Enquirer: 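I'd like to ask some things about the structure below.
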Amino acid sequence: VLLELPAGCIEAGEDPKDGAARELLEETGYKAGSLEFLFKIAPNASNCTSYAQCYLARNVFPAAPQNLDETEALEEVKRLLREGGVEQAVHVAALYRAAELGALG
C-alpha cells in the first residue's frame with residue numbers, strides 16, 4: 001500500500017479532480033486508476049476563505065520516474081493519528097475519511 005499525501009493548488013480553470021491527479025503525478029510519479037472525492041474542508045475557516053478538496057487515489061501505478069521517500073507503514077500511520085503525530089488538519093481529516101472507507105486496512 002502506498003501512502004502519500006500530496007497537496008497543491010488548483011490551476012486557474014482547472015477541475016479539482018484534475019488538479020488532484022496532476023499533483024499526485026507531480027509529487028509522487030504515480031497515477032491513479034480512480035480518484036474518489038472524499039470531502040471539501042475549510043482548513044481554517046476563522047481567517048481564510050480557501051478550501052481543501054480531498055481525494056482518495058485507488059489502484060495507483062508508477063507513471064513517471066520518481067525517487068519516493070520511504071513511507072510510513074499503515075500501522076505506524078494509525079498510531080501517529082491516535083497519538084497526535086499528524087498535525088496538519090487536512091491530512092488528519094483525509095486519513096480518517098480514508099480509514100472509514102477501508103483504504104487504510
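Computed from a predicted structure; not experimentally measured.
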Enquirer: Who are the side-chain hydrogen bond (donor to acceptor under 3.5 Å, both in side chains) partners of R22, not counting sequence neighbours?
Expert: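 Counting only residues at least two positions away or on another chain, R22 forms a side-chain hydrogen bond (donor to acceptor under 3.5 Å, both in side chains) with E14, E26.
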Enquirer: Can you pull the salt bridge (charged side-chain N to carboxylate O under 4.0 Å, His left out) pairs that have at least one residue in residues 90-102, sequence neighbours excluded?
Expert: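 Residue pairs passing salt bridge (charged side-chain N to carboxylate O under 4.0 Å, His left out), neighbours aside: R97-E100.
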Enquirer: Which residues end up grouped with Y55 if you chain together Ile, Leu, Val, Met, Phe, Trp and Tyr wherever their side-chain heavy atoms are less than 4.5 Å apart?
Expert: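 Listed partners: L35, F37.
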Enquirer: Mind checking side-chain hydrogen bond (donor to acceptor under 3.5 Å, both in side chains) for N44 and listing every partner two or more places apart, or none if nothing turns up?
Expert: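 Here the qualifying residues are S46, N47.
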Enquirer: How does the hydrophobic cluster around F39 look, that is, which other residues are in it when side-chain heavy atoms under 4.5 Å mark a link?
Expert: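 Listed partners: L38, I41, L56, V90, L101.
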Enquirer: Checking E36 now: which residues fulfil side-chain hydrogen bond (donor to acceptor under 3.5 Å, both in side chains) with it, not counting sequence neighbours?
Expert: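 Partners of E36 by the side-chain hydrogen bond (donor to acceptor under 3.5 Å, both in side chains) criterion, ordered by chain and then number, come out as R58.
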Enquirer: List for me each residue that meets side-chain contact (heavy atoms from CB on, under 4.5 Å) alongside A42, sequence neighbours excluded, and say none if there are none.
Expert: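 Checked A42 against side-chain contact (heavy atoms from CB on, under 4.5 Å); matches are A45, Y51.
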Enquirer: What are the two closest heavy atoms between A32 and A57, and how far apart are they?
Expert: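 So the minimum-distance heavy-atom pair works out to CB-CB, 3.7 Å.
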Enquirer: Which heavy atom of E23 sits nearest a heavy atom of A7, and at what distance?
Expert: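 Nearest pair, atom of E23 first, then A7: OE1-O, 3.2 Å.
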Enquirer: Does anything in residues 38-53 pair up under salt bridge (charged side-chain N to carboxylate O under 4.0 Å, His left out), and if so which pairs, sequence neighbours excluded?
Expert: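 Sorted pair list comes back empty.
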Enquirer: Grab the two heavy atoms, one from V92 and one from V86, that are nearest each other, plus how far apart they are.
Expert: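 So the minimum-distance heavy-atom pair works out to CG2-O, 3.1 Å.
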Enquirer: Shortest non-hydrogen contact from P16 to Q53?
Expert: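 In this case the closest contact between P16 and Q53 is CB-OE1, 3.4 Å.
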Enquirer: List the residues meeting side-chain hydrogen bond (donor to acceptor under 3.5 Å, both in side chains) with E87, not counting sequence neighbours, and say none if there are none.
Expert: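 With sequence neighbours excluded, E87 shows a side-chain hydrogen bond (donor to acceptor under 3.5 Å, both in side chains) to no residue whatsoever.
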Enquirer: Are L95 and L5 packed together at the side-chain level, in the sense that at least one heavy-atom pair is separated by less than 4.5 angstrom?
Expert: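 Yes, close enough: below the 4.5 Å cut-off.
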